[in-house]
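Working notes for the structure below.
All chains are named by letter (A, B, ...) in the order of the sequence lines, taking the proteins before the strands, and each is independently numbered beginning at 1. Scope of the values below: all heavy atoms of this structure, side chains included, with no hydrogens, waters or symmetry mates.
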Amino acid sequence: MLNNRFFATLFKILILPLLAVPGSAFAEYGLNLPKGVTPISRDIYGLHMTIFWVCVGIAVIVFGVMIYSMIYHRKSKGAVASNFHESTTIELIWTAVPLAILIAIAVPATRVLIDLENTDKADMTVKITGYQWKWQYEYLDNGVSFFSNLSKKSRDGIKNAEIRNTDDHYLQDVDKRLVLPVNTRVRFLMTSNDVIHSWWVRELGVKQDANPGFINDSWAYIEEEGVYRGKCTELCGKDHGFMPVVVEVVSKENYAIWVDEQKAEIAAAAASGDREWSMDELMTRGQEVYSTNCAACHGTTGAGVPGAFPAMAGSAITTQPENLEAHIAIILNGQAGTAMQAFGKQLSDSDIAAVVTYERNAFGNNTGDITQPAQIKSAR
Amino acid sequence: MATTTTDIDADTHHDHEDHHHGPEPGLMRWVKTTNHKDIGYLYLWFAFGMLLIGGAMAMVIRAELFMPGLQFVEPQFFNQMTTMHGLIMVFGAIMPAFVGLANIQIPTMVGAPDMALPRMNNWSFWILPFAGAMLLSTMFMEGGGPAFGWTFYAPLSTTFAPDSTDYFIFAIHMLGFSSIMGAINIIATVMNMRASGMKLMDMPLFVWTWFITAFLLIAAMPVLAGAVTMMLTDRNFGTSFFDAAGGGDPVMFQHIFWFFGHPEVYIMILPAFGIVSQIIPTFARKPLFGYSSMVYATGSIAILSFVVWAHHMFLTGMPVAGQMYFMYATILISVPTGVKVFNWVSTMWRGSMSFEIPMMWAVAFVILFTIGGLSGLMLGIVPADIQYHDTYFVVAHFHYVLVSGALFSIIAGVYYWLPKWCGRMFNEKLATIHFWWAVISVNVLFFPMHFLGLAGMPRRIPDYGLQFADFNLIASLGGFAFGLSFLLLAYIVVDCIRNGKVVKEARVWESAKGLEWTLPTPAPYHTFNEEPSRELILKESSHTGDNH
């Protein structure tokens, strides 16, 4: 009886991998890699399936022999042990045959590898910079540049099941997508501002580490319009799980329209720094900026994390008038040797003015201090 | 030997008195002991304790991942859990358990009275509890414990790490000392204490695999020590080994780490190969097939393990020529590994098999380790690795080789040799339940992770999108069941030691071969007072097949 159960489990172990066969029936449960929308992702998919079936074949042969032996060569069935324990011929065969199989796999793998590492002849270039915990996208050909954060709805859903369950793309949505034109050879340059991140979108067949101080490259030629979602895949600290990637691929015409919109927005943001802001305006904008850029470490209530991230509520920097300049300087330049980034290049004058005002008046700080964009401009 | 003549005289004299004595009474026996079996038991109990602690952390991880959203812990604490779970299981559970088995078994298998360096043996164990305590204490420090993954990549582990990281570095140094001393001891024992009638190619495979592993340890652990020392100076003394701003390179950390890390994974699997190679011939009642090719395969795996490290780093921006080389070298390892699996299957072929508890674990090892090995082959193909890297597919792969591989072999070894150690048989009914419970739950736990990885779930994340919910739920349920199975194992072992049915036969398993089975049961406190003869060694060889 014991042995019957034993074989039943063995059978399951053998059969389970076979259920992973790609097919429409299983696709929706996410059992397998997608074929993707780039030539590289399809090549990778083909390689993946080839090795998978080779592995299944090897498993069937090895486990088949083993199970046969366990059924028929049992002492309880009266099997008498033979005494053979060496055979040079057999050992040579089972060294040579796997070697041949490996060479047969290595040849196509090498071909795909050479192709995917060749980033020449790009039509456009996007520089991707990892930050704790967001992505910056810079379109080197037209000067468009922005940050992409986890969407507010996803962030709110982390501890709220109601919001989470109504979020179609929980933890997979961002406030601003990377927009790319279809049928264009795009080169990605990856780097990082702080720790190592890794930029991954399965459907594009692109995953590449973003190392601080170095630039890596990769490329994609996307053949279908649509929205493709990915993740950071290198542990990058506390909110590693909360920095998704969303790529929206549009027609070339729509891409050109989108670029013009972005340029107009950049001009408007620059203009907003030239006027006086009211307290209410600053506080509203400040709360948005804070929840996107600061709350991950310093907490939505400004409590911070003792020993790791300082509190905003009631701290000397955010409450005492003589520290206003230091407060602005930390935000602009960061704090060397800590996780505090330099936000000077990430945020506009008005955004920094707003967040400084917010931090000095929220969380019960109530200093009444108002900081204007012009102050930030002169502090830079 | 650095002792003076008087010392030797005193020692010899002492030995004569001790021969007929048992261990010293009381707790001090365990503190002062230089007896290889006592130290081996200490290693095993320590490893089991750490296994429970590391396992409890895994339970926290699986509880948090039970469903989407953050329920129990904050992301920073979750990262501490994944980090400490990995470190404790690797350095606190698997490695000490294998050293423990080596301590108890190697002298009995090579016909030696004890380990070659008994006082160092005592020391190499007693460093461990302090290192482990220091590592665990970081969790209670301000800013929390290490939260940068067990691979502690810079700069997350240098510039961006909590203050407790310096304690972590010191703990790693101490663990390294302990491992190196253990390895020196094993090499010295095998070289110098082996019965004169036992040639190298007469040694049982467990001795061979450990002998080779010991060289790996001596070569690899100092590299780890170098890596953490560079971290220490980067953190405290203004160097920039891993900081590009000062002319360093964060990727260099990964090269150094994996130059240690890849041999390390073989350190954790070669002794497992040895254990399984002892058990399968016993219950197949047939000599081990291809003994010499097993030895050569082990040696080739050990050498290859030093030239494949960068296959953990295919996405760091390596030149394409580097990727090609590391891909070819990596998939080449599957040849000697395959030879081993084929040899085990051939040993079973046309044997006369029975499925006692150790054999069931050994068979589970061969099957599940092979599954882990095959997914390893898939990971070795660079373009495919682009999609697998740092996802749950990798998590599934290394848990198949380390849990249902290394850990299962340790459990198999304990069930195999436990009756010899304590002279009592474990409750076979309970052990059967334990086996099926563990083998089913470990697959429910780890098999769905392959799908999760392919479906796009990265590793080391505390929360995930709703499309991953079903498989995470299944994996968590399997995880809780698998975790509970270790409490049953603890009960079975304690019950065996205290109330088990007394076993008197020297050969606990009727068809077992090897010098350890010529000793009385339970094994005497001092092992071989007289050297076993060449005749006996050949008769007890599990691989020549002359006497079957």
Side-chain angles (χ1 to χ4, degrees), chain A residues 13 16 30-33 44 47-48 51 55 59 62 65-66 69 73-75 79-83 85-86 91 94-95 98-99 102 106 109-110 112-113 116-117 158-159 161 164 170-172 195-196 198 202 207-209 211-213 216 231 233-235 237-241 307-308 337 339, chain B residues 68-70 75-76 142-143 149 153 155-156 160 244 250-251 285-287 289-290 293 315-317 320 323-324 328 331 335 338-339 341-342 345 348-354 367 370 374 377-378 381-384 386-387 389-390 447 451 454-456 458 460-463 465-467 545 548:
Chain A
I13 290 165
L16 266 172
L31 287 175
N32 201 357
L33 285 178
I44 292 176
L47 268 181
H48 160 71
I51 335 160
C55 288
V62 172
V65 172
M66 208 172 152
S69 170
H73 303 152
R74 264 184 293 160
K75 194 187 173 204
V80 180
S82 48
N83 198 29
H85 55 90
E86 245 163 17
E91 290 179 64
W94 71 38
T95 310
L99 206 59
L102 291 180
T110 305
V112 177
L113 176 61
L116 75 87
E117 288 291 332
I158 293 172
K159 292 203 174 156
R164 185 160 67 235
Y170 175 60
L171 297 188
Q172 311 218 75
V195 300
I196 300 173
S198 190
R202 284 192 311 157
K207 187 191 282 158
Q208 185 72 60
D209 283 2
N211 299 326
N216 285 332
K231 291 263 190 183
T233 53
E234 183 64 65
L235 178 63
K238 188 168 76 70
D239 279 2
H240 162 57
Chain B
L70 289 183
Q76 184 72 11
E142 194 173 285
Y153 282 3
L156 191 60
F160 296 83
V251 175
R285 294 171 179 75
K286 197 163 148 276
F289 186 87
S293 71
L315 303 183
T316 53
V320 68
Q323 290 178 317
M324 277 185 211
Y328 302 148
I331 57 181
V335 173
V339 165
V341 174
F342 300 147
V345 174
M348 292 162 74
W349 185 254
R350 284 177 54 208
S352 171
M353 270 187 280
S354 57
I367 292 174
T370 303
L374 291 172
L377 179 61
M378 297 174 78
I381 308 293
V382 183
I386 286 187
Q387 300 285 32
H389 184 79
D390 268 336
F447 209 86
F451 302 133
L454 295 176
R460 294 168 167 167
I461 57 172
D463 194 6
L466 304 181
Q467 77 274 33
H548 283 267

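Nearest heavy atoms, A:A106 versus B:Y328: CB-CE2, 3.9 Å. When all heavy atoms are compared, the tightest approach of A:P212 to B:A244 is O-CB, 3.6 Å. The minimum heavy-atom distance linking A:N216 with B:L315 is given by the pair ND2-O, 4.4 Å. Minimum interatomic distance between A:G237 and B:L156 (heavy atoms only, all atoms of both residues): N-CD2, 3.6 Å. Between B:A384 and A:I51, the closest heavy-atom pair is CB-CD1, 4.0 Å. Scanning all heavy atoms of the two residues, the minimum distance from B:I461 to A:G241 falls at CG2-CA, 3.6 Å.
B:Q387 contributes a side-chain N or O that, together with a main-chain N or O of A:R202, makes up a donor-acceptor pair within less than 3.5 Å. Without hydrogens or angle criteria, B:S352 side chain to A:A79 main chain gives a donor-acceptor distance under 3.5 Å. Formation of a donor-acceptor pair under 3.5 Å by the A:E86 side chain with backbone atoms of B:F289 is not found in this model. The backbone N or O of B:H389 sits less than 3.5 Å from a side-chain atom of A:K207, completing a donor-acceptor pair.
With a 4.5 angstrom heavy-atom cutoff, A:D209 touches chain B via backbone and side-chain atoms both. Both the backbone and the side chain of A:L235 have a heavy atom closer than 4.5 Å to some heavy atom of chain B. Both the backbone and the side chain of B:V339 come within contact range of chain A, with heavy atoms under 4.5 Å apart. For B:I381, the part lying near chain A is the side chain, with the backbone staying farther off; criterion is any non-hydrogen pair under 4.5 Å. Heavy atoms closer than 4.5 Å to chain A are found in the side chain of B:P462, but not in its backbone. For chain B, the nearby parts of A:Q208 are the backbone and the side chain; heavy atoms of each come within less than 4.5 Å. Only the backbone of A:V80 comes within contact range of chain B, with heavy atoms under 4.5 Å apart. Only the side chain of A:L47 has a heavy atom closer than 4.5 Å to any heavy atom of chain B. Of the atoms belonging to A:I196, heavy atoms from both backbone and side chain fall under 4.5 Å from chain B. Residue A:A161 does not touch chain B at all, counting heavy-atom pairs closer than 4.5 Å.
Between B:F342 and A:W94, the angle of the ring planes lies from 30° to 60°, which puts this pair in the tilted group.
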Assess the residue pair B:K286 and A:S82 against the criterion (side chain to side chain contact (heavy atoms under 4.5 Å, CB included)); give the C-alpha distance rounded to whole Å, side-chain angles, the decisive distance to 0.1 Å, and a yes or no. CA-CA 7 Å; B:K286 197 163 148 276; A:S82 48; 3.7 Å; yes
May I have the step-by-step check of side chain to side chain contact (heavy atoms under 4.5 Å, CB included) for A:C55 and B:M378, ending in yes or no? CA-CA 8 Å; A:C55 288; B:M378 297 174 78; 3.9 Å; yes
Show your reasoning for whether side chain to side chain contact (heavy atoms under 4.5 Å, CB included) applies to B:D463 and A:L171. CA-CA 8 Å; B:D463 194 6; A:L171 297 188; 3.6 Å; yes
Is there a side chain to side chain contact (heavy atoms under 4.5 Å, CB included) between A:M66 and B:M348? Walk through the geometry before answering. CA-CA 7 Å; A:M66 208 172 152; B:M348 292 162 74; 3.8 Å; yes
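Ranking A:S198, A:P98, A:G213, A:A109 against chain B, the residue ahead of the rest is A:A109, based on heavy-atom pairs under 4.5 Å. Options A:L102, A:N211, A:L116 differ in how many heavy-atom pairs under 4.5 Å they form with chain B, and the most are formed by A:L102. Counting heavy-atom pairs closer than 4.5 Å to chain A, the top-ranked of the candidates B:I386, B:I331, B:V345 is B:I386. For the options B:S293, B:G456, B:S354, heavy-atom pairs under 4.5 Å to chain A are most numerous at B:G456.
No side-chain heavy atom of B:R350 sits less than 4.5 Å from a side-chain heavy atom of A:S69. Using a 4.5 Å heavy-atom threshold, the side chains of A:H48 and B:L454 count as touching. Residues A:E234 and B:Y153 are in side-chain contact: their nearest non-hydrogen atoms beyond the backbone lie under 4.5 Å apart.
The distance from atom NE2 of A:H73 to atom CZ of B:R285, rounded to the nearest 0.5 Å, is 14.5 Å. Rounded to the nearest 0.5 Å, atoms CE (B:M353) and CZ (A:R74) are 9.0 Å apart.
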